[in-house]
There are 2 protein chains.
Amino acid sequence: MTSRLKIPRKSIYRLSVYSRCLNRLLDNHVETVSSDTLAKAAGVKPAQLRKDLTYLGNFGRRGLGYNVAELWQRINSTMGTNRLLPVVLVGVGNLGSALLSYQGFAKEGFEIIAAFDAEPERRRHRQSAIPIYDMNRLGAFLKSHKVKLAIIAVPAEAAQEVVNRLVSHGIQGILNFSPLLLQSPTDVMVNNVNLAIELENLAYFVR
Amino acid sequence: MTSRLKIPRKSIYRLSVYSRCLNRLLDNHVETVSSDTLAKAAGVKPAQLRKDLTYLGNFGRRGLGYNVAELWQRINSTMGTNRLLPVVLVGVGNLGSALLSYQGFAKEGFEIIAAFDAEPERRRHRQSAIPIYDMNRLGAFLKSHKVKLAIIAVPAEAAQEVVNRLVSHGIQGILNFSPLLLQSPTDVMVNNVNLAIELENLAYFVR
DNA sequence: CTGAATTTGTGAATTTTTTCACAAACTATT
DNA sequence: AATAGTTTGTGAAAAAATTCACAAATTCAG
Ligand SMILES: NC(=O)c1ccc[n+]([C@@H]2O[C@H](COP(=O)([O-])OP(=O)(O)OC[C@H]3O[C@@H](n4cnc5c(N)ncnc54)[C@H](O)[C@@H]3O)[C@@H](O)[C@H]2O)c1
Ligand SMILES: NC(=O)c1ccc[n+]([C@@H]2O[C@H](COP(=O)([O-])OP(=O)(O)OC[C@H]3O[C@@H](n4cnc5c(N)ncnc54)[C@H](O)[C@@H]3O)[C@@H](O)[C@H]2O)c1
(Lines give C-alpha, C1' and ligand atoms only; values in the text may rest on other atoms or scores of the structure.)
(Ligands and ions follow the chains in the order given, each with its own letter.)
Protein backbone atom coordinates (compact mmCIF):
# COMPACT_ATOMS: atom_id res chain seq x y z
CA MET A 1 0.00 0.00 0.00
CA THR A 2 1.67 3.20 -1.11
CA SER A 3 -1.30 5.42 -0.31
CA ARG A 4 -1.25 7.07 3.08
CA LEU A 5 -3.69 4.97 5.04
CA LYS A 6 -5.12 6.41 8.20
CA ILE A 7 -3.48 4.63 11.09
CA PRO A 8 -5.39 4.64 14.39
CA ARG A 9 -3.91 6.59 17.25
CA LYS A 10 -3.48 3.55 19.41
CA SER A 11 -1.61 1.73 16.69
CA ILE A 12 0.73 4.69 16.34
CA TYR A 13 1.55 4.47 20.03
CA ARG A 14 2.26 0.79 19.69
CA LEU A 15 4.41 1.30 16.60
CA SER A 16 6.61 3.53 18.74
CA VAL A 17 6.90 0.73 21.24
CA TYR A 18 7.73 -1.83 18.58
CA SER A 19 10.40 0.47 17.20
CA ARG A 20 12.07 0.60 20.60
CA CYS A 21 12.00 -3.17 20.92
CA LEU A 22 13.55 -3.44 17.47
CA ASN A 23 16.35 -1.12 18.56
CA ARG A 24 17.38 -3.67 21.11
CA LEU A 25 17.20 -6.50 18.61
CA LEU A 26 19.36 -4.50 16.21
CA ASP A 27 21.88 -3.91 18.99
CA ASN A 28 22.01 -7.66 19.51
CA HIS A 29 22.43 -8.31 15.80
CA VAL A 30 19.24 -10.33 15.59
CA GLU A 31 18.23 -10.59 11.94
CA THR A 32 14.66 -11.82 12.01
CA VAL A 33 11.90 -11.80 14.55
CA SER A 34 8.46 -13.43 14.66
CA SER A 35 5.31 -11.61 15.64
CA ASP A 36 5.15 -13.89 18.62
CA THR A 37 8.55 -12.92 19.97
CA LEU A 38 8.23 -9.23 19.21
CA ALA A 39 4.74 -9.09 20.66
CA LYS A 40 5.97 -10.61 23.88
CA ALA A 41 8.74 -8.03 24.10
CA ALA A 42 6.28 -5.22 23.43
CA GLY A 43 3.65 -6.52 25.81
CA VAL A 44 0.88 -7.08 23.26
CA LYS A 45 -0.79 -10.06 21.61
CA PRO A 46 0.79 -11.38 18.41
CA ALA A 47 -2.38 -10.90 16.37
CA GLN A 48 -2.51 -7.27 17.35
CA LEU A 49 1.08 -6.72 16.37
CA ARG A 50 0.44 -8.27 12.99
CA LYS A 51 -2.68 -6.20 12.49
CA ASP A 52 -0.79 -3.04 13.38
CA LEU A 53 1.90 -3.91 10.89
CA THR A 54 -0.55 -4.36 8.04
CA TYR A 55 -0.94 -0.57 8.07
CA LEU A 56 2.64 -0.44 6.81
CA GLY A 57 2.20 -3.08 4.11
CA ASN A 58 2.95 -6.78 3.87
CA PHE A 59 6.54 -7.71 4.20
CA GLY A 60 6.72 -10.49 6.72
CA ARG A 61 7.91 -13.88 5.50
CA ARG A 62 5.63 -16.73 6.41
CA GLY A 63 7.35 -19.48 8.25
CA LEU A 64 10.17 -17.11 9.20
CA GLY A 65 8.99 -13.78 10.54
CA TYR A 66 10.07 -10.21 9.89
CA ASN A 67 13.46 -8.86 8.91
CA VAL A 68 14.41 -6.70 11.88
CA ALA A 69 16.22 -4.02 9.89
CA GLU A 70 13.46 -3.73 7.32
CA LEU A 71 10.71 -3.62 9.91
CA TRP A 72 12.58 -0.96 11.83
CA GLN A 73 13.05 1.03 8.67
CA ARG A 74 9.39 0.78 7.70
CA ILE A 75 8.11 1.81 11.10
CA ASN A 76 10.50 4.70 11.39
CA SER A 77 9.84 6.06 7.95
CA THR A 78 6.11 5.84 8.56
CA MET A 79 6.47 7.60 11.89
CA GLY A 80 8.82 10.17 10.37
CA THR A 81 11.43 9.42 12.99
CA ASN A 82 14.25 9.03 10.51
CA ARG A 83 15.35 12.61 10.84
CA LEU A 84 15.93 14.50 14.12
CA LEU A 85 12.86 16.60 14.85
CA PRO A 86 13.30 20.06 16.35
CA VAL A 87 11.30 20.99 19.45
CA VAL A 88 11.15 24.09 21.61
CA LEU A 89 10.69 24.12 25.35
CA VAL A 90 8.81 26.83 27.21
CA GLY A 91 9.39 27.07 30.94
CA VAL A 92 12.80 26.26 32.40
CA GLY A 93 11.97 25.66 36.04
CA ASN A 94 12.45 22.43 37.94
CA LEU A 95 10.91 20.21 35.36
CA GLY A 96 12.03 22.17 32.30
CA SER A 97 15.64 22.07 33.50
CA ALA A 98 15.47 18.30 33.82
CA LEU A 99 14.13 18.06 30.29
CA LEU A 100 16.83 20.41 28.99
CA SER A 101 19.63 18.36 30.44
CA TYR A 102 18.14 15.06 29.31
CA GLN A 103 20.48 13.44 26.82
CA GLY A 104 18.01 10.76 25.86
CA PHE A 105 15.86 12.75 23.46
CA ALA A 106 18.48 12.80 20.73
CA LYS A 107 18.64 9.03 20.76
CA GLU A 108 14.87 8.96 20.45
CA GLY A 109 14.69 11.33 17.52
CA PHE A 110 14.12 14.75 19.05
CA GLU A 111 16.22 17.80 19.67
CA ILE A 112 15.30 20.69 21.90
CA ILE A 113 16.77 23.50 19.83
CA ALA A 114 15.83 26.35 22.14
CA ALA A 115 14.14 27.06 25.42
CA PHE A 116 12.14 30.10 26.50
CA ASP A 117 11.31 31.46 29.90
CA ALA A 118 9.73 34.60 31.29
CA GLU A 119 12.82 35.00 33.47
CA PRO A 120 15.72 33.70 31.40
CA GLU A 121 18.38 35.46 33.51
CA ARG A 122 17.41 33.37 36.53
CA ARG A 123 18.10 30.34 34.39
CA ARG A 124 21.43 31.35 32.94
CA HIS A 125 23.57 29.52 35.50
CA ARG A 126 22.45 26.24 34.05
CA GLN A 127 25.18 25.30 31.67
CA SER A 128 23.90 23.72 28.56
CA ALA A 129 24.50 23.93 24.86
CA ILE A 130 20.85 24.87 24.40
CA PRO A 131 20.12 28.61 24.44
CA ILE A 132 17.49 29.93 26.84
CA TYR A 133 15.74 33.01 25.53
CA ASP A 134 13.30 35.52 26.87
CA MET A 135 9.69 35.03 25.87
CA ASN A 136 9.71 38.15 23.70
CA ARG A 137 12.01 36.34 21.28
CA LEU A 138 9.63 33.43 20.86
CA GLY A 139 7.74 34.77 17.85
CA ALA A 140 10.81 35.67 15.84
CA PHE A 141 12.46 32.38 16.64
CA LEU A 142 9.50 30.28 15.60
CA LYS A 143 9.19 32.33 12.43
CA SER A 144 12.80 31.82 11.38
CA HIS A 145 13.11 28.19 12.41
CA LYS A 146 10.45 25.85 11.20
CA VAL A 147 9.46 24.25 14.47
CA LYS A 148 6.16 22.46 14.78
CA LEU A 149 6.42 20.95 18.25
CA ALA A 150 6.64 22.51 21.67
CA ILE A 151 6.89 21.29 25.23
CA ILE A 152 5.40 23.48 27.90
CA ALA A 153 6.54 23.27 31.50
CA VAL A 154 5.27 26.53 32.96
CA PRO A 155 3.03 26.98 36.01
CA ALA A 156 -0.62 26.17 35.43
CA GLU A 157 -1.64 29.83 35.60
CA ALA A 158 0.56 30.67 32.63
CA ALA A 159 -0.10 27.59 30.53
CA GLN A 160 -3.12 28.73 28.54
CA GLU A 161 -1.51 32.03 27.65
CA VAL A 162 1.62 30.23 26.49
CA VAL A 163 -0.47 27.86 24.38
CA ASN A 164 -2.17 30.82 22.74
CA ARG A 165 1.16 32.39 21.86
CA LEU A 166 2.60 29.15 20.53
CA VAL A 167 -0.48 28.53 18.42
CA SER A 168 -0.44 32.06 17.05
CA HIS A 169 3.12 31.45 15.88
CA GLY A 170 2.32 28.24 14.07
CA ILE A 171 3.09 25.50 16.57
CA GLN A 172 1.00 22.44 15.73
CA GLY A 173 1.75 19.94 18.46
CA ILE A 174 2.14 20.58 22.18
CA LEU A 175 3.27 18.36 25.01
CA ASN A 176 1.74 19.83 28.13
CA PHE A 177 2.94 19.12 31.66
CA SER A 178 0.67 21.49 33.50
CA PRO A 179 -2.22 19.81 35.27
CA LEU A 180 -4.81 21.79 33.36
CA LEU A 181 -6.99 21.13 30.38
CA LEU A 182 -5.91 23.60 27.73
CA GLN A 183 -8.04 25.07 24.99
CA SER A 184 -6.63 24.94 21.49
CA PRO A 185 -7.84 24.98 17.88
CA THR A 186 -8.84 21.56 16.56
CA ASP A 187 -5.89 21.49 14.17
CA VAL A 188 -3.43 21.86 17.04
CA MET A 189 -2.85 18.68 18.97
CA VAL A 190 -2.18 18.79 22.69
CA ASN A 191 -0.92 15.72 24.53
CA ASN A 192 -1.10 15.98 28.28
CA VAL A 193 1.30 14.38 30.69
CA ASN A 194 -0.38 14.48 34.05
CA LEU A 195 1.59 12.69 36.70
CA ALA A 196 -1.01 13.13 39.40
CA ILE A 197 -3.61 11.41 37.25
CA GLU A 198 -1.23 8.53 36.55
CA LEU A 199 -0.60 8.13 40.26
CA GLU A 200 -4.30 8.34 41.02
CA ASN A 201 -4.92 5.64 38.47
CA LEU A 202 -2.31 3.39 40.05
CA ALA A 203 -3.70 4.09 43.49
CA TYR A 204 -7.19 3.09 42.43
CA PHE A 205 -6.26 -0.23 40.92
CA VAL A 206 -3.81 -1.04 43.68
CA ARG A 207 -6.78 -0.59 46.08
CA MET B 1 -25.12 0.67 44.19
CA THR B 2 -23.18 -0.03 47.32
CA SER B 3 -21.34 -3.04 45.91
CA ARG B 4 -17.94 -2.38 44.45
CA LEU B 5 -18.64 -2.37 40.76
CA LYS B 6 -15.77 -2.79 38.37
CA ILE B 7 -15.08 0.55 36.79
CA PRO B 8 -13.25 0.51 33.46
CA ARG B 9 -9.74 1.91 33.36
CA LYS B 10 -10.66 4.64 30.94
CA SER B 11 -13.50 5.80 33.13
CA ILE B 12 -11.12 5.99 36.07
CA TYR B 13 -8.85 8.30 34.10
CA ARG B 14 -11.78 10.48 33.22
CA LEU B 15 -13.04 10.57 36.79
CA SER B 16 -9.69 12.07 37.72
CA VAL B 17 -10.21 14.72 35.11
CA TYR B 18 -13.73 15.47 36.29
CA SER B 19 -12.48 15.80 39.82
CA ARG B 20 -10.02 18.46 38.73
CA CYS B 21 -12.71 20.38 36.89
CA LEU B 22 -14.87 20.21 39.99
CA ASN B 23 -12.04 21.68 42.04
CA ARG B 24 -12.23 24.78 39.96
CA LEU B 25 -16.00 24.97 40.26
CA LEU B 26 -15.69 24.62 44.04
CA ASP B 27 -13.14 27.43 44.08
CA ASN B 28 -15.65 29.59 42.25
CA HIS B 29 -18.44 28.63 44.66
CA VAL B 30 -20.54 27.10 41.91
CA GLU B 31 -23.18 24.90 43.53
CA THR B 32 -24.57 22.81 40.72
CA VAL B 33 -23.34 21.79 37.33
CA SER B 34 -24.99 20.01 34.41
CA SER B 35 -23.41 17.13 32.56
CA ASP B 36 -23.30 19.38 29.54
CA THR B 37 -21.24 22.08 31.22
CA LEU B 38 -18.93 19.72 33.08
CA ALA B 39 -18.40 17.60 29.98
CA LYS B 40 -17.37 20.66 28.03
CA ALA B 41 -14.87 21.59 30.72
CA ALA B 42 -13.47 18.08 30.79
CA GLY B 43 -13.32 17.71 27.03
CA VAL B 44 -15.74 14.78 26.71
CA LYS B 45 -19.28 14.25 25.47
CA PRO B 46 -22.10 14.75 27.99
CA ALA B 47 -23.44 11.22 27.50
CA GLN B 48 -20.05 9.78 28.32
CA LEU B 49 -19.77 11.83 31.46
CA ARG B 50 -23.19 10.65 32.60
CA LYS B 51 -22.36 7.06 31.83
CA ASP B 52 -19.10 7.35 33.77
CA LEU B 53 -20.98 8.77 36.73
CA THR B 54 -23.44 5.90 36.83
CA TYR B 55 -20.59 3.77 38.17
CA LEU B 56 -20.78 5.90 41.30
CA GLY B 57 -24.55 5.67 41.67
CA ASN B 58 -27.44 7.93 40.74
CA PHE B 59 -27.45 11.28 42.42
CA GLY B 60 -27.98 13.85 39.72
CA ARG B 61 -31.16 15.88 39.84
CA ARG B 62 -33.09 15.92 36.60
CA GLY B 63 -33.81 19.35 35.38
CA LEU B 64 -31.01 20.77 37.50
CA GLY B 65 -27.78 18.81 37.28
CA TYR B 66 -25.28 17.61 39.89
CA ASN B 67 -24.42 19.13 43.21
CA VAL B 68 -20.78 20.07 42.80
CA ALA B 69 -19.74 19.30 46.36
CA GLU B 70 -21.51 15.96 46.41
CA LEU B 71 -20.17 14.92 43.04
CA TRP B 72 -16.66 15.87 44.10
CA GLN B 73 -17.07 13.91 47.30
CA ARG B 74 -18.37 10.83 45.50
CA ILE B 75 -15.62 10.80 42.92
CA ASN B 76 -12.89 11.33 45.46
CA SER B 77 -14.13 8.70 47.84
CA THR B 78 -14.41 6.22 44.99
CA MET B 79 -10.93 7.06 43.81
CA GLY B 80 -9.61 6.96 47.35
CA THR B 81 -8.17 10.44 46.99
CA ASN B 82 -9.64 11.73 50.21
CA ARG B 83 -6.54 10.98 52.19
CA LEU B 84 -2.95 11.88 51.24
CA LEU B 85 -1.30 8.82 49.72
CA PRO B 86 2.35 8.10 50.49
CA VAL B 87 4.73 7.45 47.61
CA VAL B 88 8.44 6.74 47.45
CA LEU B 89 10.77 7.98 44.74
CA VAL B 90 13.75 6.00 43.50
CA GLY B 91 16.37 7.92 41.55
CA VAL B 92 17.14 11.52 42.42
CA GLY B 93 18.87 12.73 39.27
CA ASN B 94 17.67 15.47 36.96
CA LEU B 95 14.12 14.28 36.73
CA GLY B 96 13.85 12.89 40.24
CA SER B 97 15.02 16.20 41.70
CA ALA B 98 12.33 18.03 39.80
CA LEU B 99 9.73 15.64 41.14
CA LEU B 100 11.06 16.00 44.68
CA SER B 101 10.80 19.75 44.61
CA TYR B 102 7.38 19.76 43.03
CA GLN B 103 4.86 21.28 45.43
CA GLY B 104 1.90 20.27 43.34
CA PHE B 105 1.61 16.64 44.41
CA ALA B 106 0.27 17.46 47.86
CA LYS B 107 -2.58 19.43 46.34
CA GLU B 108 -3.34 16.46 44.12
CA GLY B 109 -3.41 13.92 46.91
CA PHE B 110 0.10 12.47 47.01
CA GLU B 111 3.10 12.86 49.24
CA ILE B 112 6.60 11.70 48.43
CA ILE B 113 7.62 10.56 51.90
CA ALA B 114 11.13 9.43 51.02
CA ALA B 115 13.53 9.20 48.12
CA PHE B 116 16.25 6.65 47.45
CA ASP B 117 19.33 6.81 45.28
CA ALA B 118 22.39 4.66 44.73
CA GLU B 119 24.49 7.75 45.44
CA PRO B 120 22.58 9.69 48.06
CA GLU B 121 25.59 11.74 49.15
CA ARG B 122 25.81 13.33 45.72
CA ARG B 123 22.24 14.42 46.26
CA ARG B 124 22.56 15.84 49.72
CA HIS B 125 23.12 19.43 48.65
CA ARG B 126 19.53 19.58 47.46
CA GLN B 127 17.66 21.11 50.34
CA SER B 128 14.31 19.59 50.83
CA ALA B 129 12.20 18.39 53.69
CA ILE B 130 12.12 14.96 52.08
CA PRO B 131 14.90 12.59 53.19
CA ILE B 132 17.08 10.97 50.54
CA TYR B 133 18.35 7.55 51.58
CA ASP B 134 20.78 5.05 50.24
CA MET B 135 19.29 2.10 48.41
CA ASN B 136 20.29 -0.33 51.15
CA ARG B 137 17.69 1.29 53.41
CA LEU B 138 14.88 0.71 50.92
CA GLY B 139 13.75 -2.67 52.26
CA ALA B 140 13.59 -1.61 55.89
CA PHE B 141 11.80 1.61 55.01
CA LEU B 142 9.15 -0.08 52.93
CA LYS B 143 8.65 -2.65 55.67
CA SER B 144 8.10 -0.10 58.40
CA HIS B 145 6.02 2.34 56.39
CA LYS B 146 3.11 0.93 54.49
CA VAL B 147 3.83 2.34 51.07
CA LYS B 148 2.19 0.82 48.03
CA LEU B 149 3.28 3.24 45.31
CA ALA B 150 6.66 4.10 43.89
CA ILE B 151 7.99 6.40 41.21
CA ILE B 152 11.16 5.33 39.48
CA ALA B 153 13.44 7.82 37.77
CA VAL B 154 16.66 5.89 37.41
CA PRO B 155 18.64 5.24 34.21
CA ALA B 156 17.16 2.61 31.93
CA GLU B 157 19.93 0.12 32.74
CA ALA B 158 18.99 0.13 36.40
CA ALA B 159 15.21 0.24 36.03
CA GLN B 160 14.44 -3.47 35.91
CA GLU B 161 16.60 -4.22 38.89
CA VAL B 162 14.91 -1.44 40.86
CA VAL B 163 11.49 -2.80 39.91
CA ASN B 164 12.50 -6.22 41.16
CA ARG B 165 13.57 -4.83 44.50
CA LEU B 166 10.47 -2.72 44.90
CA VAL B 167 8.24 -5.65 44.07
CA SER B 168 10.07 -7.91 46.49
CA HIS B 169 9.34 -5.40 49.22
CA GLY B 170 5.65 -5.23 48.53
CA ILE B 171 5.23 -2.24 46.22
CA GLN B 172 2.10 -2.71 44.15
CA GLY B 173 2.01 0.24 41.79
CA ILE B 174 4.90 1.82 39.90
CA LEU B 175 5.13 4.96 37.84
CA ASN B 176 8.03 4.41 35.48
CA PHE B 177 9.87 7.17 33.63
CA SER B 178 12.53 5.07 32.02
CA PRO B 179 11.98 4.41 28.33
CA LEU B 180 11.92 0.67 28.78
CA LEU B 181 9.24 -1.95 29.06
CA LEU B 182 9.61 -3.44 32.52
CA GLN B 183 8.71 -6.95 33.56
CA SER B 184 6.60 -7.29 36.65
CA PRO B 185 4.20 -9.77 38.25
CA THR B 186 0.62 -9.44 37.04
CA ASP B 187 -0.55 -8.16 40.41
CA VAL B 188 1.87 -5.25 40.26
CA MET B 189 0.74 -2.43 38.02
CA VAL B 190 3.26 -0.41 36.08
CA ASN B 191 2.26 2.84 34.37
CA ASN B 192 4.79 4.18 31.95
CA VAL B 193 5.42 7.81 31.21
CA ASN B 194 7.39 7.89 28.02
CA LEU B 195 7.97 11.41 26.79
CA ALA B 196 9.65 10.36 23.57
CA ILE B 197 6.64 8.30 22.60
CA GLU B 198 4.33 11.22 23.34
CA LEU B 199 6.45 13.47 21.15
CA GLU B 200 6.59 10.86 18.41
CA ASN B 201 2.84 10.63 18.52
CA LEU B 202 2.46 14.37 18.20
CA ALA B 203 4.98 14.43 15.39
CA TYR B 204 3.07 11.82 13.44
CA PHE B 205 -0.29 13.50 13.61
CA VAL B 206 1.16 16.94 13.01
CA ARG B 207 2.47 15.53 9.72
C1' DC C 1 11.92 -33.62 -3.10
C1' DT C 2 8.69 -34.53 0.66
C1' DG C 3 6.37 -33.65 4.59
C1' DA C 4 6.21 -31.64 9.09
C1' DA C 5 6.59 -27.34 11.36
C1' DT C 6 6.32 -22.28 11.37
C1' DT C 7 4.45 -18.04 10.81
C1' DT C 8 2.09 -14.50 8.25
C1' DG C 9 -2.07 -11.98 6.80
C1' DT C 10 -6.71 -11.36 7.38
C1' DG C 11 -11.74 -12.02 7.27
C1' DA C 12 -14.97 -12.95 10.88
C1' DA C 13 -16.29 -13.09 15.66
C1' DT C 14 -16.01 -10.96 19.93
C1' DT C 15 -15.44 -7.55 23.23
C1' DT C 16 -15.18 -2.92 24.62
C1' DT C 17 -16.22 1.79 24.23
C1' DT C 18 -18.73 5.52 22.64
C1' DT C 19 -22.70 7.75 21.08
C1' DC C 20 -27.58 8.29 20.35
C1' DA C 21 -32.06 9.32 21.61
C1' DC C 22 -35.80 9.57 24.56
C1' DA C 23 -38.88 8.58 28.58
C1' DA C 24 -38.96 9.97 33.17
C1' DA C 25 -38.01 13.23 36.71
C1' DC C 26 -37.40 17.44 38.17
C1' DT C 27 -37.31 22.80 38.10
C1' DA C 28 -39.13 27.22 37.36
C1' DT C 29 -42.66 30.32 36.07
C1' DT C 30 -46.89 32.12 35.99
C1' DA D 1 -51.51 23.47 39.58
C1' DA D 2 -50.59 23.54 34.94
C1' DT D 3 -47.23 24.18 31.47
C1' DA D 4 -42.87 24.79 29.38
C1' DG D 5 -38.25 23.93 29.73
C1' DT D 6 -34.14 21.27 31.59
C1' DT D 7 -31.44 17.49 32.45
C1' DT D 8 -30.67 12.89 34.08
C1' DG D 9 -30.26 7.88 33.48
C1' DT D 10 -30.10 4.28 30.41
C1' DG D 11 -31.38 0.79 27.02
C1' DA D 12 -30.22 0.22 22.35
C1' DA D 13 -27.41 1.31 18.34
C1' DA D 14 -23.11 2.29 16.42
C1' DA D 15 -18.35 2.43 16.23
C1' DA D 16 -13.90 1.01 17.45
C1' DA D 17 -10.63 -2.12 19.06
C1' DT D 18 -9.17 -6.60 20.03
C1' DT D 19 -8.90 -11.42 19.51
C1' DC D 20 -9.70 -15.68 17.14
C1' DA D 21 -8.75 -19.04 13.97
C1' DC D 22 -7.23 -20.77 9.82
C1' DA D 23 -5.77 -20.93 4.81
C1' DA D 24 -1.75 -19.83 2.42
C1' DA D 25 3.04 -19.25 2.15
C1' DT D 26 7.31 -20.40 3.39
C1' DT D 27 11.09 -22.72 5.92
C1' DC D 28 13.75 -26.55 7.18
C1' DA D 29 15.30 -31.26 8.14
C1' DG D 30 16.29 -35.41 6.20
N1 LIG E 1 8.24 19.69 38.79
C2 LIG E 1 7.57 18.56 38.63
O3 LIG E 1 8.06 17.51 38.98
C4 LIG E 1 6.21 18.55 38.03
C5 LIG E 1 5.44 17.40 38.11
C6 LIG E 1 4.18 17.38 37.53
C7 LIG E 1 3.71 18.52 36.88
N8 LIG E 1 4.46 19.60 36.83
C9 LIG E 1 3.94 20.79 36.13
O10 LIG E 1 4.90 21.27 35.24
C11 LIG E 1 4.89 22.68 35.21
C12 LIG E 1 6.25 23.20 35.58
O13 LIG E 1 6.60 22.76 36.89
P14 LIG E 1 7.94 23.24 37.57
O15 LIG E 1 8.04 22.52 38.86
O16 LIG E 1 9.07 23.15 36.63
O17 LIG E 1 7.62 24.77 37.87
P18 LIG E 1 8.66 25.93 38.16
O19 LIG E 1 7.93 26.98 38.89
O20 LIG E 1 9.90 25.37 38.76
O21 LIG E 1 9.06 26.47 36.73
C22 LIG E 1 8.19 27.21 35.92
C23 LIG E 1 9.02 28.06 34.98
O24 LIG E 1 8.13 28.73 34.07
C25 LIG E 1 8.54 30.09 33.95
N26 LIG E 1 7.38 30.87 33.59
C27 LIG E 1 6.39 31.32 34.38
N28 LIG E 1 5.47 31.98 33.67
C29 LIG E 1 5.88 31.96 32.38
C30 LIG E 1 5.36 32.47 31.19
N31 LIG E 1 4.20 33.13 31.15
N32 LIG E 1 6.05 32.26 30.06
C33 LIG E 1 7.21 31.58 30.08
N34 LIG E 1 7.75 31.07 31.19
C35 LIG E 1 7.10 31.26 32.33
C36 LIG E 1 9.12 30.45 35.29
O37 LIG E 1 10.03 31.52 35.15
C38 LIG E 1 9.80 29.14 35.69
O39 LIG E 1 11.13 29.13 35.23
C40 LIG E 1 3.82 23.12 36.16
O41 LIG E 1 2.64 23.36 35.46
C42 LIG E 1 3.67 21.93 37.06
O43 LIG E 1 2.36 21.85 37.57
C44 LIG E 1 5.71 19.65 37.38
N1 LIG F 1 15.52 13.94 32.60
C2 LIG F 1 14.49 13.92 31.80
O3 LIG F 1 13.97 14.95 31.44
C4 LIG F 1 13.92 12.62 31.32
C5 LIG F 1 13.00 12.63 30.30
C6 LIG F 1 12.45 11.43 29.86
C7 LIG F 1 12.84 10.25 30.46
N8 LIG F 1 13.74 10.26 31.44
C9 LIG F 1 14.12 9.01 32.08
O10 LIG F 1 14.04 9.13 33.48
C11 LIG F 1 15.09 8.42 34.09
C12 LIG F 1 15.92 9.36 34.93
O13 LIG F 1 16.44 10.39 34.12
P14 LIG F 1 17.42 11.48 34.72
O15 LIG F 1 17.69 12.45 33.65
O16 LIG F 1 16.91 12.00 36.00
O17 LIG F 1 18.72 10.62 34.97
P18 LIG F 1 19.95 10.98 35.93
O19 LIG F 1 21.11 10.21 35.44
O20 LIG F 1 20.06 12.44 36.08
O21 LIG F 1 19.52 10.41 37.34
C22 LIG F 1 19.45 9.04 37.62
C23 LIG F 1 19.63 8.85 39.13
O24 LIG F 1 19.45 7.49 39.44
C25 LIG F 1 20.47 7.07 40.34
N26 LIG F 1 20.68 5.64 40.18
C27 LIG F 1 21.39 4.99 39.24
N28 LIG F 1 21.32 3.67 39.39
C29 LIG F 1 20.56 3.45 40.48
C30 LIG F 1 20.12 2.30 41.14
N31 LIG F 1 20.43 1.08 40.71
N32 LIG F 1 19.35 2.46 42.22
C33 LIG F 1 19.00 3.68 42.64
N34 LIG F 1 19.37 4.82 42.04
C35 LIG F 1 20.15 4.70 40.97
C36 LIG F 1 21.66 7.89 40.00
O37 LIG F 1 22.53 8.01 41.11
C38 LIG F 1 21.03 9.23 39.62
O39 LIG F 1 20.88 10.06 40.74
C40 LIG F 1 15.89 7.78 32.97
O41 LIG F 1 15.46 6.47 32.79
C42 LIG F 1 15.54 8.62 31.78
O43 LIG F 1 15.61 7.89 30.60
C44 LIG F 1 14.28 11.43 31.90
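To find a chain, count down the sequence lines: A is the first, B the second, and so on, and within it residues start at 1.
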Query - Value in whole Å for how far the P atom of D/dT7 lies from CG of B/Asn67 - result: 15 Å

Query raised in the report: Roughly, in whole Å, what's the span from NZ in B/Lys40 to P in D/dT7?
Result: 11 Å

Report summary line: Taking five pairs at each terminus, the helix from C/dC1-D/dG30 to C/dT30-D/dA1 shows an axis bend, to 10°, of 20°

Query raised in the report: When we call it a touch if two heavy atoms are under 4.0 Å apart, what does B/Arg14 touch: a base, just sugar-phosphate, or nothing?
Result: sugar-phosphate

Report task. Answer yes or no: side-chain N or O of A/Lys51 and base N or O of D/dT19 forming a donor-acceptor pair under 3.5 Å. Result -> yes

Query raised in the report: In residues 18-33 of chain B, what residues come within less than 4.0 Å of DNA chain C, judged by heavy atoms?
Result: none

Query raised in the report: Could you give the distance from CD (A/Glu200) to CZ (A/Phe205), rounded to the nearest 0.5 Å?
Result: 12.0 Å

Query raised in the report: Between A/Arg61 and D/dA25, does any side-chain N or O lie under 4.0 Å from OP1 or OP2?
Result: no

Query raised in the report: Rounded to the nearest Å, what distance is computed from the CZ atom of residue B/Arg62 to the P atom of nucleotide D/dT7?
Result: 14 Å

Query raised in the report: In terms of ring plane angle, is the pair A/Phe116 and A/Phe141 parallel, tilted or perpendicular, where the classes change at 30° and 60°?
Result: perpendicular

Query - Atom CD of A/Glu70: over 12 foreign heavy atoms under 6.0 Å - result: yes

Query raised in the report: Of all nucleotides in DNA chain C with an atom under 4.0 Å from a non-hydrogen atom of chain A, which is the first and which the last going 5' to 3'?
Result: C/dT6 to C/dA12

